[in-house]
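Structure, as structure tokens:
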Amino acid sequence: TATLKLQNYSLADSGNFKCKVKNCAGEALSAAVISMIKAPLILQHLPASIDLTEKDEIKLEVSVADSVPKATVQWFKGDVELKTSKRMVIAKPLAESSTNSALYTLTIPESNATDLGEFKLKASNKIGTVETNCKVDVLSAPKIVKDLKPKMECVHGDKVTLDVTATGNPSPEF
């Protein structure tokens, strides 16, 4: 019996391995291919939360280390997978050779109240899945959605009710 032990296995150790055994009657050969597999790893996570006002740009960036096999990377808002659209741009990954990683970016040039929620980047391969989340809170100035009646006539001694409705984030005070 012969044993070859590889300690601290790395990509450089991948390849074809052969063991030749021989004696005076002949020889025999045994071969194996060893390839490295590596789970995805997030090097730069999303911030836990961000607050911004309507019309501000939302720019989320995540650095994901190279994995083997290559990871599938997806952006989500809640449980809905995001795709590039008129409102948002999911950039092609930008390779960072110094860290053997790629930078993934999601940009929404003009945020609005519908962008409120949790954004997530998920990187998966057959070894595992990693994710990072960011709660986005879009602050909006108060807006009157139901005005006061511009003119009212009231009889002396009657009750008068003035109704106004407004929206905003955070909820406006009256």
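Everything numeric in this text was worked out from a predicted model, so none of it was measured.
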With the side chain counted from C-beta on, respond yes when [X] and [Y] share a heavy-atom pair under 4.5 Å apart, and no when they do not.
X    : Y    : answer
M36  : Y9   : yes
V136 : E118 : no
L82  : L106 : yes
T129 : K122 : yes

Ignoring hydrogens and geometry, is there a side-chain-to-backbone donor-acceptor pair from [X] to [Y] under 3.5 Å?
X    : Y    : result
N125 : G128 : yes
T84  : I90  : yes
S49  : C134 : no
K77  : L116 : yes
N169 : V138 : yes
S111 : D56  : yes

Legend entry - Common cluster, L103/I108, ILVMFWY with side-chain heavy-atom separation under 4.5 Å: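 The answer is no; the residues belong to distinct hydrophobic clusters.
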Inset, instruction - Report yes or no: do F76 and I42 belong to one cluster of Ile/Leu/Val/Met/Phe/Trp/Tyr joined by side chain heavy-atom distances under 4.5 Å? - result: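 In one cluster with F76: I42, no.
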Inset, instruction - Please indicate whether E173 has more than 12 foreign heavy atoms, meaning atoms of other residues, nucleotides or ligands, lying under 6.0 Å from its CD. - result: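 Atom CD in E173 is not packed in, count stays at 12 or less.
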Inset, instruction - Check the surroundings of atom CG in N23: do more than 12 heavy atoms from other residues, nucleotides or ligands lie under 6.0 Å from it? - result: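 Yes, CG of N23 has more than 12 neighbouring heavy atoms, counting only those of other groups under 6.0 Å.
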Legend entry - Stepwise salt bridge (Lys or Arg N to Asp or Glu O under 4.0 Å) test for R87 and D115: CA-CA 10 Å; R87 286 199 62 243; D115 297 317; 2.6 Å; yes
Inset, instruction - Using distance alone, with no hydrogens and no angle criterion, decide if E96 and S63 have a side-chain donor and acceptor under 3.5 Å apart. - result: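 Yes - a donor-acceptor pair under 3.5 Å links their side chains.
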Inset, instruction - Could you check K59 against T105 for side-chain contact (heavy atoms from CB on, under 4.5 Å), going step by step and ending with a plain yes or no? - result: CA-CA 7 Å; K59 189 169 189 171; T105 306; 3.8 Å; yes
Legend entry - Minimum-distance pair of heavy atoms, taken over all atoms of F119 and L46: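 Looking at all heavy atoms of both residues, the closest pair is O-CD1, 4.1 Å.
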Legend entry - Shortest non-hydrogen contact from P40 toward V130: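 Closest approach of P40 to V130, heavy atoms only: O-CG1, 3.5 Å.
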Legend entry - salt_bridge(K120, E81) N-O dist < 4.0 Å: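 So K120 does not pair with E81 through a salt bridge.
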